[in-house]
There are 4 protein chains.
Amino acid sequence: MKKLSRKEREFLRHRGEILDVALELFSKRGFHNVTMHEIARDSEFSVGTLYKFFANKEDLYKALFLEKAEEFSLVMQEAIEKSEDEMSAIRTFIDQHIKLFMKNLRFVQLYLAETRGARFNIGMGMEKEIRQKHRVFLTKLSAVFKKGIEKGIFEDIDPYLLAIGLEGVIHAFLFNYLEDPQSHPFDTELIMNLFFGKVLRNAD
Amino acid sequence: MKKLSRKEREFLRHRGEILDVALELFSKRGFHNVTMHEIARDSEFSVGTLYKFFANKEDLYKALFLEKAEEFSLVMQEAIEKSEDEMSAIRTFIDQHIKLFMKNLRFVQLYLAETRGARFNIGMGMEKEIRQKHRVFLTKLSAVFKKGIEKGIFEDIDPYLLAIGLEGVIHAFLFNYLEDPQSHPFDTELIMNLFFGKVLRNAD
Amino acid sequence: MKKLSRKEREFLRHRGEILDVALELFSKRGFHNVTMHEIARDSEFSVGTLYKFFANKEDLYKALFLEKAEEFSLVMQEAIEKSEDEMSAIRTFIDQHIKLFMKNLRFVQLYLAETRGARFNIGMGMEKEIRQKHRVFLTKLSAVFKKGIEKGIFEDIDPYLLAIGLEGVIHAFLFNYLEDPQSHPFDTELIMNLFFGKVLRNAD
Amino acid sequence: MKKLSRKEREFLRHRGEILDVALELFSKRGFHNVTMHEIARDSEFSVGTLYKFFANKEDLYKALFLEKAEEFSLVMQEAIEKSEDEMSAIRTFIDQHIKLFMKNLRFVQLYLAETRGARFNIGMGMEKEIRQKHRVFLTKLSAVFKKGIEKGIFEDIDPYLLAIGLEGVIHAFLFNYLEDPQSHPFDTELIMNLFFGKVLRNAD
DNA sequence: AATGAATGAGCATTCATTCAT
DNA sequence: TATGAATGAATGCTCATTCAT
């Protein structure tokens, strides 16, 4: 948008470097098992400098999480919205979801923890914000299901539950992949099959 | 089974009281945001007494988690094993799962966090043990799917993924319930429908 | 002296058992590295019972030390006093000293520490008492030297220093023995030879 | 030797200040009766800063002891080695010993305690190191006696015992001086006289 | 009288945060 | 402006001592 001065560009580059290092550490050991000195050491800045970029440790963690979460959210929303019909919206969503996560495994570690891990890292601060955004997103996803139900494509099941359920399956697979990347490969089609009635053979 | 002396019974009662208080606190605020002094205060014991029952904070947390996790595991396994056919095994599993979790919401908070929360609370100690047990359990659940596949009841999909997926859906619903108990009710049948091909209307 | 009732005899026996165990532990690990629970465990009494015999840990340590120190002191004094002439008084003193210490190696550990270790175990409490008694004893030993000097047997050197010096040599040998019992054997005669060169006037 | 940066010089100065304060406290009250907070308070640093210089309390104590002990050891060895004949080596040793100790009374408190006090302050850690170094030193001192014996200057007595004995006398005098500096003055000549009666062959 | 469960003050240590240089 | 030395509140844990049974 705007032209950034060299100073500003440099500032953002440094900020990004710090966040990268922090993600590396936080994802491996969790918020409480990483010290500001470690982040300083690994990012080759001084502790003092860290505090020039972020007001405190919590702030750093929040920035780290929320910025990437926002990015994820946008990609996913786009995936849903630019699709023609509901069925392909769901497929694109799953597809993008998997791709995005596979490209950001470090962050996914944090993401899955934060969206399930309850109020564990930071006290109620970021918590609500994350939950709120997540709910907004799920509502958008459920809107797809809702429209599908209205069109008679999907069964009449609470669309919000469908959204939650779909995300639940995807996350479960991704988490298993994180733990043991070799075993049990899966793809968008598998999830589509699983979710859209192919488990039971003689379904009819 | 055995007759316990008054001393022994009292010991176990006190131990249980401490664990109850600890669960309350840990589930609300997480391992790192709870102090031994708080557990002492709330359980109306002294810090010293806490250390008579548990070697250290980590030990207390582990005991808390593993004992209940074991109990859960047994109930769930039983649900699977005592069923006649595969279909009812899955139904009983979902049913028991929901019931058990609904009765132990505090603990579920912890459980969902630990089985997703990555390596965040305790350093790799309990970690592996939990993951290992979880895998064993999922293998048992997937055995049901496997048999079902062999009998031609289920589609030929990696049974371990089916197990993971089913659990993912259940946990997703339960987690949503934890967050907002009023909205979006669900039950065993809903999950059965969802999982066994009723989402897509004209599936055939 | 007095007839002791069975109760009283038992009391003293138990007290002695506790002191024995305490000596064993204190001599190995020092005052601060031994807990009352350990003394209780090893002596097969309860902690509560320990406090029936001794007001507190310090008291127990003091009793342990002072009683045996008193016993030592008496034996040594006797050795000095019942001797005919000064020369044999010194010889008997050295002799008894070595014998006594060899029979009480555990305690000697403590003794050497307390009479050198400065104010390390207990704060200034027993300290003064020990030092005072020790000074009294050294004064008695120096009296022997003094008389010897007056008789012209010994050189005219501050008799208190002679007493200190003699004790210093004996303790140094004993300490070395404690550390490495096999090497560098010594006996009364050696110390006599060592000590009475120039001290003895008609050496030339 | 090397040029030190201002930072480095300041670091060493601060470290030295902490050690000075710690010596003051430890020598008065012993390892276990001094808290890190006291050292912090008296040295006018914060507790945290103490831990920047020393890994833990034990480490601080060890540094304190071993560095000065090393210095002492070197001075004493030099005293022995640079002397022409055995007799003057012993005299120089006594002389330097007294001078060094008189200048470092605080430390001597600790030194005498540690070289006699048995295994009382720290568990076996430093213990062995100290004993080992002490033995090495005594061996060097005894080598002087050995050579003297071979030359026929000294009586044929185990030279290691002579070394131990000489040190015992010196330490005994120094310890007495520590306790009561006014009374019973002594000097090198006195110790020489005391020690070299029969030891010196041609005494007669 | 004897027990040992319970107490809680006290200590070592950590680490987010500040600020003089 | 960037640094990192210094801070000190906070926490896990120990152990001498008490007292209800």
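You can see that DNA chain E meets the heavy atoms of chain B within a 4.0 Å-exclusive cut from E/dA6 to E/dG8, reading 5' to 3'.
Comparing D/Glu10 and B/Arg6 by the nucleotide of DNA chain F that holds the closest heavy atom to each, the one mapping nearer the 5' end is D/Glu10.
A search for salt bridge (Lys or Arg N to Asp or Glu O under 4.0 Å) contacts involving C/Glu8 returns nothing, not counting sequence neighbours. C/Phe53 pairs by the ring pair (Phe, Tyr, Trp, His ring centres under 6.0 Å) definition with C/Phe11, not counting sequence neighbours. Residues meeting the side-chain hydrogen bond (donor to acceptor under 3.5 Å, both in side chains) test with B/Arg6, sequence neighbours left out: none.
Relative orientation of the C/Phe107 and C/Phe65 rings is tilted, given thresholds of 30° and 60° on the angle between their planes.
Here the closest non-hydrogen pair linking B/Leu64 and B/Ala22 is CD2-C, 4.0 Å. Considering every non-hydrogen atom in both B/Ser43 and B/Leu50, the closest pair reads OG-CD1, 4.1 Å.
Where pairing requires Watson-Crick or G-U contacts shorter than 3.5 Å, the helical stems of DNA chain F with at least three consecutive pairs are E:2-21 with F:2-21.
DNA chain E is contacted by A/Met36, A/His37, A/Val47, A/Tyr51 of residues 36-52 of chain A, taking any non-hydrogen atom closer than 4.0 Å.
Atom NE2 of A/His32 is separated from atom P of F/dT11 by 11 Å (rounded to the nearest Å). If you measure from atom CG of D/Asn56 to atom C1' of F/dC13, you get 16 Å, rounded to the nearest angstrom.
Without hydrogens or angle criteria, D/Lys57 side chain to D/Val34 main chain gives a donor-acceptor distance under 3.5 Å. Looking at D/Asn56, its side chain does come within 3.5 Å of a backbone N or O of D/Asp59 through a donor-acceptor pair. At least one donor-acceptor pair closer than 3.5 Å links the side chain of C/Glu38 to the backbone N or O of C/Thr35. When atom types are taken as modelled, the side chain of D/Ser27 and the backbone of D/Leu23 share a donor-acceptor pair closer than 3.5 angstrom.
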